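Letters go in sequence order (proteins before strands), and every chain restarts at 1. Here the structure is a predicted model, which is why all the values come from computation and not from measurement.
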Number of protein chains: 2
Amino acid sequence: MTHTLGPRAAQKLQTRQSLLEAALRLTEEHSLGSVSLREVSRAAGIVPAGFYRHFPDVESLGVALVEQSLGGLRTALRAVRSDRTDSEEIARRSVQVLAREVRARRAHFRFIARERYGGMSRVREAIRDQLRLLGDELATDLLSDGATAATVLRRWDDADVRVLTSMIVDHMISTAAAIVDVPAGRPAVERRIINAASKQLRLIIVGARHWLDPT
Amino acid sequence: MTHTLGPRAAQKLQTRQSLLEAALRLTEEHSLGSVSLREVSRAAGIVPAGFYRHFPDVESLGVALVEQSLGGLRTALRAVRSDRTDSEEIARRSVQVLAREVRARRAHFRFIARERYGGMSRVREAIRDQLRLLGDELATDLLSDGATAATVLRRWDDADVRVLTSMIVDHMISTAAAIVDVPAGRPAVERRIINAASKQLRLIIVGARHWLDPT
DNA sequence: CCTTTCGGCGTACAAACGTTTACCGGACCC
DNA sequence: GGGTCCGGTAAACGTTTGTACGCCGAAAGG
C-alpha cells in the first residue's frame, strides 16, 4: 500500500536524508546543540533558508535522527530474539548483534550516546521514549512462553522485571557508547570491550537467576 | 604547609570560582560546547577579555569542572567504605551516599552526565580518567583485608574484578544521571529511581557471588 | 617608597549566526 | 495546456560570537 512517489516527493526525501546524514557527520565532532543550522545546510548542499522546507529547527532534525537510529536497533534486536529462547544464548547473541549494529552505523550510535543526556530536551525525550520501548519489548520477550527465562521471571513482581530489563537496556547503551569511543582501527581494544560487556551481561543474568535464593 | 594567600590571590580564586559556578549554571540548559565564552563571563560578572586571565578557553574550564565534581564524589565514597566491610551494607550505603551527593550538588552531576559522552574531547578524557580512578579505588577496597567480598573476589582473575568494578561505576553514573533528570520537586519519582538502583546494585552483587557456581 | 605585576575594563573588528523576504523554475493537477 | 504548488535560491537584516589591544588601579615586593 505504499504509493510510489513522484520525482517531486522522491527528491524531497533525498534532500531530507542528506540533511540527516550531514547532521550525523557533524555530530562526530560537536554535539548537535552546537551544530548550526547553516553548518548542516551547507554540508547537505543546500542554502540555509532551504532547511526550513524540511524542519522548523535543528532540534526537530535531532528527533527524526533518534527515531531513525533507535528504530533500526529495535528491529534488529527483535529479529535476534525471535528464533532463540535460551537466555545465555540470547545474551551472547545480543551483544554480538549490538556490536555488529554499532560497527555498521557507528555515527548513529555516537549520536545517541552523545545526546542521551547531553542533548536538547526534546531530543533527550525522544531517546528516553525509544529506550523505554526497547525495555518493554525485551520484557515481553523474556516472559513469553518459549523463553527459559520465563520460568524464573514469572515468579517476580512485574515492577522488578522492568527494573531488570531497564538495567539491561542501560548496559546495552553504555556498551555501545564505549565501543563508539574506541579510536578507529583498534580492534583489540574493541574486542576487550565486547568481551567485558558479555561478561557483565552474563553476570546480570546469573544475578537474576539467584535473585530469590536464600542468603 | 598551605601558605595563606594575600588578598590578591584570594580574589583571583574567587573570580575563578564564579566562572566555574556560572558555567555549571549555564550547562543546565545547553551542553558546555554550546556555552559561549561571553555567556559564561557575563554570568560570572566579568568582561569577556577577563576570562583569559583564568582559562585559555571554555574547554579548559570544563576540565577544571570535571576534577572539582568527581574529585568530591571520590572522597565522599572513600569515606563511606572505610568504616564498613559487609558488601550488602556497602552497596546500600553507596547508593544512599550517591543520592545525597547528587542532591547536594545536582548541577555538578548533571554536568558530568552531560559531558561524559557528549562533551568536547578533552573534557570527555578528563571524565574517563576520573571514573577509572573511581573504579580502581573500589577494586582495592573490595579486595582489602577486612572486606567480606574479598573471600569471593580473591578467587577471581584480576581483569574480571576490573570488569566488575567498572560495571558498578558505570551503574553509579547512570543512576546519577537518572536522578538528575527527574523534574525538580518530584520526590516520589526520585525515590523510585533510587529504589531501582539499589535493587540493580544488589543484583550485581548476587551475580558476582554466584559467578563461579556450577550451572 | 617606588617600581613591577596583574586582574579586570573598554573598545574594536571581522566572522558567523538565525530568520525573513521575494523570487525562480519544474513537477503537479485538472 | 495553463494555473498552482513547492523545493531550492539569493540577498539582506540585526545579533552574537572569539579574540586583540591598550589602559587603569591596587596589591606585591625590593
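One interatomic measurement links the two molecules: CD of A/Gln11 to P of D/dG8, which rounds to 6 Å at whole-angstrom precision. For the pair A/Tyr52 OH and C/dG18 P, the computed distance is 7 Å after rounding to whole Å. Rounded to whole Å, the distance from CD1 on B/Ile46 to C1' on D/dG18 is 14 Å. Atom CG of A/Leu13 is separated from atom P of D/dC6 by 15 Å (rounded to the nearest Å). For the pair B/Phe51 CZ and D/dT19 C1', the interatomic distance rounds to 12 Å; values are reported in whole Å. As rounded to whole Å, 14 Å separates atom C1' of C/dA27 from atom NZ of A/Lys12. In this structure, A/Leu19 atom CG and D/dG7 atom P are separated by 13 Å, rounded to whole Å. Per the geometry, CZ belonging to B/Arg16 stands 17 Å off P belonging to C/dC6, to the nearest Å.
In this structure, A/Thr15 reaches the D/dG8 phosphate: one of its side-chain N or O atoms is under 4.0 Å from OP1 or OP2. For D/dC5, neither phosphate oxygen OP1 nor OP2 lies less than 4.0 angstrom from any side-chain nitrogen or oxygen of A/Arg53.
Of the residues in residues 30-39 of chain B, B/Arg38 come within less than 4.0 Å of DNA chain C through at least one heavy atom, sorted by number.
Under the 4.0 Å criterion applied to side-chain N and carboxylate O atoms, B/Glu21 and B/Arg25 are not assigned as salt-bridge partners.
As judged by a 4.0 angstrom heavy-atom cut-off over every strand, B/Gly50 is placed among residues making no nucleic acid contact. Across all strands, B/Arg42 comes closer than 4.0 Å only to sugar-phosphate atoms, never to a base (heavy-atom distances).
Not one N or O on the side chain of B/Glu115 forms a donor-acceptor pair closer than 3.5 Å with the backbone of A/Gly118. Of the possible polar contacts, none joining the A/Ser34 side chain to the A/His30 backbone as a donor-acceptor pair under 3.5 Å is found. Of the possible polar contacts, one joining the B/Arg114 side chain to the A/Tyr117 backbone as a donor-acceptor pair under 3.5 Å is found.
When each of B/His54 and A/Pro48 is assigned the nucleotide of DNA chain C with its nearest heavy atom, B/His54 is the one assigned upstream, toward the 5' end.
Side-chain N/O atoms of A/Arg162 and A/Thr165 include a donor and acceptor closer than 3.5 Å. Between the side chains of B/Arg122 and B/Ser60, a donor-acceptor pair is found at a separation under 3.5 Å.
In this structure the side chain of A/Leu138 never reaches within 4.5 angstrom of the side chain of A/Leu134, judged on heavy atoms.
One N or O donor and one acceptor, one from the side chain of B/Arg8 and one from the base of C/dC6, sit under 3.5 Å apart.
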